[in-house]
Undergrad: 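Before we start, here is the structure in question, set down as structure tokens.
All chains are named by letter (A, B, ...) in the order of the sequence lines, taking the proteins before the strands, and each is independently numbered beginning at 1.
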Amino acid sequence: MLDVQNLSMRFGGLLAVDQVSLDIQEHEIVSVIGPNGAGKTTVFNCLSGFYKPTGGKILFEGREVQGKPDYKISRLGMVRTFQHVRLFNQMSVVENLLVAQHRHLNTNLLAGLIKTPNYREREKKSLDRAAYWLDRVGLLELANRDAGNLAYGQQRRLEIARCMVTEPKLLMLDEPAAGLNPAETKELNQLIVSLKEDYNVSVLLIEHDMSLVMDISDRITVINQGRPLASGTPSEVRQNDDVIKAYLGEA
Amino acid sequence: MAAHNVKHALFCAVVTLVVAYPILGLNLVAQGTRVGLEGADASTIIIIFLASVAVFAFQLYRDTIMASLSKAPRLNPLAGREPMPQARRVKLESWVLTGIIVLALFWPFFVSRGSVDLATLVLIYVMLALGLNVVVGLAGLLDLGYVAFYAVGAYTFALLSQYMGISFWMALPLGALFAALFGLVLGFPVLRLRGDYLAIVTLGFGEIIRILLNNWTAVTGGPNGIGGIPEPTLFGMEFGRRVKEEGNTSFHDTFGIAYSGEHKVIFLYLIALVLAVITALVIRRLMRMPVGRAWEALREDEIAARSLGLSRTAVKLSAFTIGAFFAGFAGTVFASKQGFISPESFVFLESAIILAIVVLGGMGSQLGVILAAIAVTILPELAREFSDYRMLVFGAAMVLMMVWRPQGLMPMRRTHIELKRQE
Ligand SMILES: Nc1ncnc2c1ncn2[C@@H]1O[C@H](COP(=O)(O)OP(=O)(O)O)[C@@H](O)[C@H]1O
Ligand SMILES: [Mg+2]
């Protein structure tokens, strides 16, 4: 469903991403791992349209999407989270989820002003969907709190829920486990697997700690200093000499 | 006290002297046919000298003064208290607003004509400020040329009435729509800019419109303006002494009462009141609609909002256009109230005043904006002797505001949609 060919991104003299290729099939969890500064987030920024890649191709469901504006890519069904949580802090938890459904709503101004039946119905549907996902990530009790007041782990889960209400086909998570304790990380991994199993989304996962993604990934791509180092199933990658060297060298 | 403080204070005092003397001290006087320069008299020199001493003292102790200023009790009666629950707050606010409206409905029948006239002006400012509030307070776009849309609304009515004899009620939607169209067309290229750049470009646009109106003499009458703009009618009843338009009747004849100039003033006031209330209600609704949420989301975190499929241009353009729409509304009422408009009514100062109202009131908050509009329009009228110092007082008020209450008189708390517990 997503096919990345020879993606490169250059910042002035720095080649942050160098000829990285990836592919994700439907119903798959693929992880990109690599040490800090390897260029993982930069790959994400290219995929989600925040950066215009300086080289390579990105095909999503057969369509070239490289260089398209971010909001259009998101509307195609590729939605991401951020390494540093980005919620709408002053808005309530449930409103964070309503904003995410903006394009599913009736945004006609007149319809909203006179509250046409269609407007009400869609508004209700989006509230129901928000409630469903809040329940799913265990935040229903906190629905009317300001998002900024949530605990860190809750914010992480809210960010994932916010992506899910947009009904994405491909979910891209940038170090979702960063800052979580082991118990929370385990819960998160269960959630990610369930997203794949129960909601039929593919997941592209970034992580710098390899051990976190071993159990849940179908395939893994390792990058180091912007260059692809290895890719394959978790067990293949674990035994790859280059990977061992890079990770041992780093540690 | 550090030595550099003394040096700095001395420098400031000298600058005060150097700047103040030519401006305040030197006078141009007519000497026969020629103009001569005259030095300052003793009292002026003493004042200038005292001023520079004051500047010196202030700069010397500035740190201490500023520190004690910011320690001064905050003008926040609710500080430290639990914020009111949303449902209670909303209810209270609606009661207060309803109270104000009811009061405003009956009040003109008991006061002088001048007061009603002034109140109409206040209402026009309320409309303008509520509209600009959408742009600045809700969408976070600093627009310094808002007066341009006000001008477009006013001139639309003036020109349409002059060339096509269109009445107030026809012009009202047309003026608003035309201003909105202007907002749309201008906003499209400009909204890519951010922050300061946007402010500068909108400032320029405001001036361009005014200069255009000033110079396009053939159509707009240039600096002479356009007169004879009709007043609103009430179901075909005119408020003048004699009926101007064929087919209309006059108000006082229909009701068999004596003619009085007050009818017209009160009628205009009531129209402005109704329109201001409509403006407030519509914007209140907008804030709770998807578009209102999108404004807030984009203001809070643009990157996150875009990653969820919100188009920056579309969302910001909607705010810009809606803001312009209400300015057009206000412009039409203004034209009708004055009966005559010229580019002089649409100078940058107007934009600044409207923006000041929004900032003073607390960006985004409607009640705050309404109170600020009243204060900013009425206070200068009450203190007419000081009208020369109006801008000075204005500036001082803004500075104090920034020190004490940067969030405005009544900072906005947007009403959030709540998730009701399902059984
Ligand atoms: N906008 C940018 N401008 C310049 N350099 C950047 C930019 N974004 C990332 N980089 C550089 O690219 C490299 C990879 O960064 P990043 O993708 O954040 O790594 P990772 O997410 O794997 O930790 C780093 O050296 C970083 O400094
Ligand atoms: Mg990163």
Undergrad: Using a cut-off of 6.0 Å, state whether more than 12 heavy atoms not belonging to Y125(B) lie near its atom OH.
TA: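 Yes - once you tally the heavy atoms of other residues, nucleotides and ligands closer than 6.0 Å, there are more than 12.
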
Undergrad: Any donor and acceptor pair, going by atom type alone, linking the side chain of Q90(A) with main-chain N or O of E300(B) inside 3.5 Å?
TA: no

Undergrad: Please report the closest heavy-atom contact between P290(B) and Y119(A), naming both atoms and the distance.
TA: CD-OH, 3.6 Å

Undergrad: On a heavy-atom basis, which atom in M289(B) and which in L109(A) lie closest, and how many Å separate them?
TA: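 Closest approach of M289(B) to L109(A): CE-O, 3.6 Å.
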
Undergrad: Between T166(A) (side chain) and L308(B) (backbone), is there a donor-acceptor pair under 3.5 Å?
TA: no

Undergrad: V165(A), L98(A), L134(A): which one forms the most heavy-atom pairs within less than 4.5 Å of chain B?
TA: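 The candidate making the most pairs under 4.5 Å is L98(A).
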
Undergrad: Contact part of K115(A) toward chain B, heavy-atom cut-off under 4.5 Å: side chain, backbone, both or neither?
TA: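 Only the side chain of K115(A) comes within 4.5 Å of chain B.
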
Undergrad: Is the count of non-hydrogen atoms from other residues, nucleotides or ligands lying under 6.0 Å from F188(B) atom CZ greater than 12?
TA: no

Undergrad: Looking at S307(B) and F50(A), what are the two nearest heavy atoms and their distance?
TA: CB-CZ, 3.9 Å

Undergrad: So do D301(B) and L87(A) actually touch side chain to side chain, heavy atoms under 4.5 Å?
TA: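 In short, these two side chains do not touch, never coming nearer than 4.5 Å.
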
Undergrad: Of the backbone (N, CA, C, O) and the side chain (C-beta and beyond), which part of Q101(A) lies under 4.5 Å from a heavy atom of chain B, both, or neither?
TA: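 It is neither, since no heavy atom gets under 4.5 Å.
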
Undergrad: Quick one: does L310(B)'s side chain get under 4.5 Å of Y71(A)'s, heavy atoms only?
TA: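 They are not in contact (no side-chain heavy atoms under 4.5 Å apart), so the answer is no.
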
Undergrad: Looking at R75(A) and G309(B), would you say the former's side chain and the latter's main chain have a donor-acceptor pair under 3.5 Å?
TA: yes

Undergrad: Any donor-acceptor pair under 3.5 Å linking the side chain of R285(B) with the backbone of G112(A)?
TA: yes

Undergrad: Just checking D196(B): does its CG atom have more than 12 heavy atoms from other residues, nucleotides or ligands closer to it than 6.0 angstrom?
TA: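 12 or below, so no.
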
Undergrad: Would R293(B) and H102(A) count as a side chain to side chain contact (heavy atoms under 4.5 Å, CB included) here? Give the steps.
TA: CA-CA 9 Å; R293(B) 295 194 293 258; H102(A) 191 74; over 6 Å; no

Undergrad: Please flag which part of V99(A) lies under 4.5 Å from any non-hydrogen atom of chain B: side chain, backbone, both or neither.
TA: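 Contact with chain B: backbone and side chain both.
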
Undergrad: Among M78(A), E159(A), E123(A), who wins on heavy-atom pairs under 4.5 Å with chain B?
TA: E123(A)

Undergrad: Sequence neighbours left out, what passes side chain to side chain donor-acceptor pair (under 3.5 Å) with E28(A)? Give chain and number order.
TA: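 Result, side chain to side chain donor-acceptor pair (under 3.5 Å) vs E28(A): R219(A).
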
Undergrad: Measure distances from L281(B) to the heavy atoms of chain A and classify the residue's part below 4.5 Å as side chain, backbone, both or neither.
TA: neither

Undergrad: Which of residues 143-158 of chain A get closer than 4.5 angstrom to chain B, counting heavy atoms alone?
TA: A143(A), N144(A), D146(A)

